[in-house]
Amino acid sequence: MRILVAMSGGVDSSVVAGLLREQGHDVIGATLQLYDHGAATARRGACCAGQDIHDARRVADRLDIPHYVLDRESRFRDAVVQDFADSYARGETPIPCIRCNQTVKFHDLVGLARDLGAEAMATGHYVRRVEGPAGPELHRAADPQRDQSYFLFATTPEQLAFSRFPLGDYPDKAAVRAVAARLGLAVAEKPDSQDICFVPQGRYHDVVAKHRPDAAEAGEIVHLDGRVLGRHQGIARYTVGQGRGLGQASRDGAEPLYVTGVEAGTRRVVVGPRQALPRAVVEVGEMNWLVPPPATPLRCQVKLRAREMPRDAEVAWDAAAGLLRVTPAEVAIAAPGQACVLYDGDRVLGGGFMRRALGAVAAA
Ligand SMILES: Nc1ncnc2c1ncn2[C@@H]1O[C@H](COP(=O)(O)OP(=O)(O)OP(=O)(O)O)[C@@H](O)[C@H]1O
């Protein structure tokens, strides 16, 4: 079949293109030009800059497949980079990779694939697409270390039906690199991409300050009981649950303190003891359901941050308000702006973005 492969210039998507070609499919490669670091384009692991486009083209040449490059820089700047800065300015902690998948990658590449007469689009994401009785389901990858299902919850059912993820069953990255070497792909040893592609050297607050100077203005660090404990250099540096970077506000006597809230309006960072971290009920908006939304409260597992295993919770869907209320079974740190993804075992049921923790209570 004719299939479009989303090629980032990295080893994963290169292997996907190679495997599908080897299987005899009519493969077309496509790379989105998303961000140009200027002088930093040679930086390792910038997923969408000049060197990577060059690498993708070389792989396409080697595989003898057509390769398209789409300039999506301005769209990426508006929908992903500006959204990233705006989210910090609201006192949240955003996940730009999800926004990129949602607003640029899947949206534009599925559109291109259809325009080119392809029947499907493949990516190098580590997730599994399983044919279920009611249609395709999204499942966690076989390799738990690489699983990217948390970042793909916003894939619509239609996009999922059109997508293929050939690496989801691979046991680990070494196996993928071995395929790249076998296929003679020059990217076989290319390092994994790191962090956020448009943030050079992890200096994310520089990016935020450029787009939203207000998020980089100094303010007070205040204890929950009202005492001013210190000052900070911009709310964008703080996330609910954070215990580092608080300077003299990091302890109250012997007791370590954590960020319990970030107030955009007053530019205050609020800190308190661990047991004061919001944990009771989390309100989740912008839900994308990959199953019929449950009419009654549902017990399932949820993941509230990228690097944690799913945990037990009860979720209640308020269809009229378009909000999900999530009650984790145990203490859970919920940072507004991060995703809340629902699982039934390995299967993704849906997900959304956390707005706020409701009814914060002190742990017993
Ligand atoms: N700029 C891009 N253009 C087209 N597709 C992309 C681009 N960036 C990422 N993708 C697709 O999304 C997948 C996941 O991207 P992600 O950034 O998570 O992984 P990666 O480490 O860059 O993967 P890879 O090893 O393929 O580079 C890639 O395998 C690829 O299919």
Side-chain angles (χ1 to χ4, degrees), residues 3-20 27-37 41 43-60 63 65 67-73 75-77 79-81 95-113 116 118 120-127 129 141 143 145-155 159 162-168 170 172-177 179-180 183 185-199 306:
I3 183 161
L4 181 127
V5 177
M7 296 179 70
S8 65
V11 61
D12 296 325
S13 45
S14 300
V15 164
V16 167
L19 285 172
L20 292 170
V27 177
I28 303 169
T31 303
L32 298 172
Q33 181 179 330
L34 300 176
Y35 197 84
D36 189 349
H37 284 283
T41 41
R43 185 174 76 90
R44 288 176 155 198
C47 75
C48 25
Q51 180 64 43
D52 298 290
I53 294 173
H54 175 72
D55 288 344
R57 162 113 334 139
R58 269 205 307 172
V59 169
L63 297 174
I65 59 171
H67 178 242
Y68 295 82
V69 177
L70 271 72
D71 180 353
R72 286 295 179 273
E73 278 192 42
R75 189 170 160 77
F76 184 75
R77 196 166 48 240
V80 181
V81 184
I95 312 186
C97 302
I98 296 180
R99 287 286 180 215
C100 178
N101 283 332
Q102 194 180 22
T103 57
V104 186
K105 267 189 211 166
F106 278 81
H107 186 268
D108 290 13
L109 289 175
V110 168
L112 175 69
L116 294 174
M121 177 183 83
T123 77
H125 285 107
Y126 286 78
V127 288
R129 175 186 177 279
D143 178 358
Q145 303 298 324
R146 294 258 158 203
D147 172 52
Q148 289 179 303
S149 57
Y150 183 78
F151 297 95
L152 289 184
F153 78 81
T155 312
Q159 289 168 345
F162 197 75
S163 300
R164 303 290 183 274
F165 308 108
L167 303 187
Y170 272 66
D172 55 33
K173 182 82 177 219
V176 175
R177 288 194 185 279
V179 175
L183 295 173
L185 304 181
V187 292
E189 298 305 324
K190 189 171 172 178
D192 289 355
S193 46
Q194 301 291 329
D195 301 326
I196 302 168
C197 68
F198 61 87
V199 177

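We count ligands from 1, going down the list as the structure has it; atoms in each ligand are counted the same way.
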Ala6, any N or O under 3.5 Å of ligand 1 N or O: yes

Of all the atoms in ligand 1, which lie at a distance below 4.0 Å from a heavy atom belonging to Asp12? 23 (O), 24 (P), 25 (O), 26 (O)

So is Ser14 polar-close to ligand 1, meaning N/O to N/O under 3.5 Å? no

Phe198 ring center within less than 6.0 Å of Phe76 ring center: yes

Check whether any heavy atom of Gln148 sits under 4.0 Å from an atom of ligand 1. yes

At a 4.0 Å cut-off, with the gap strictly under it, does some heavy atom of Asp192 reach an atom of ligand 1? no

Counting both backbone and side chain atoms, is some N or O of Thr123 under 3.5 Å from an N or O of ligand 1? no

Please evaluate residues Leu109 and Phe162 with respect to the criterion side-chain contact (heavy atoms from CB on, under 4.5 Å), reporting the C-alpha separation (whole Å), side-chain torsions for both, the decisive distance (0.1 Å), and the verdict. CA-CA 11 Å; Leu109 289 175; Phe162 197 75; over 6 Å; no

Numbered in order shown, the ligand 1 atoms found under 4.0 Å of a heavy atom of Val11 are 25 (O)

Salt bridge between Asp108 and Arg72, side-chain N to carboxylate O under 4.0 Å? yes

Would Ala30 count as being in polar contact with ligand 1, using the rule that some N or O on each side must be under 3.5 angstrom apart? no

Numbered atoms of ligand 1 (with element) below 4.0 Å of Ser8, judged on heavy atoms: 6 (C), 7 (C), 8 (N), 9 (C), 10 (N), 22 (O), 23 (O), 24 (P), 26 (O), 27 (O)

Looking only at distance, does Leu109 have an N or O less than 3.5 Å from an N or O of ligand 1? no

Side-chain donor or acceptor of Thr31 paired with backbone N/O of Ser8 under 3.5 Å: no

Whether Asp12 and Lys190 form a salt bridge (side-chain N of Lys/Arg under 4.0 Å from carboxylate O of Asp/Glu) is what I want to check. no

Can you confirm, on distance only, whether ligand 1 has an N/O atom lying under 3.5 Å from any N/O atom belonging to Lys173? no

Apply the test side-chain contact (heavy atoms from CB on, under 4.5 Å) to residues Tyr170 and Asp172: give CA-CA distance (whole Å), side-chain angles for both, the deciding distance (0.1 Å), then the verdict. CA-CA 6 Å; Tyr170 272 66; Asp172 55 33; over 6 Å; no

Grab the two heavy atoms, one from Cys100 and one from Val80, that are nearest each other, plus how far apart they are. CA-CG2, 3.7 Å

Just by distance, no angles: are the side chains of His107 and Arg75 close enough, under 3.5 Å, to form a donor-acceptor pair? yes

Which option wins on minimum heavy-atom distance to atom 10 (N) of ligand 1: Lys190, Lys105, Met121? Lys105

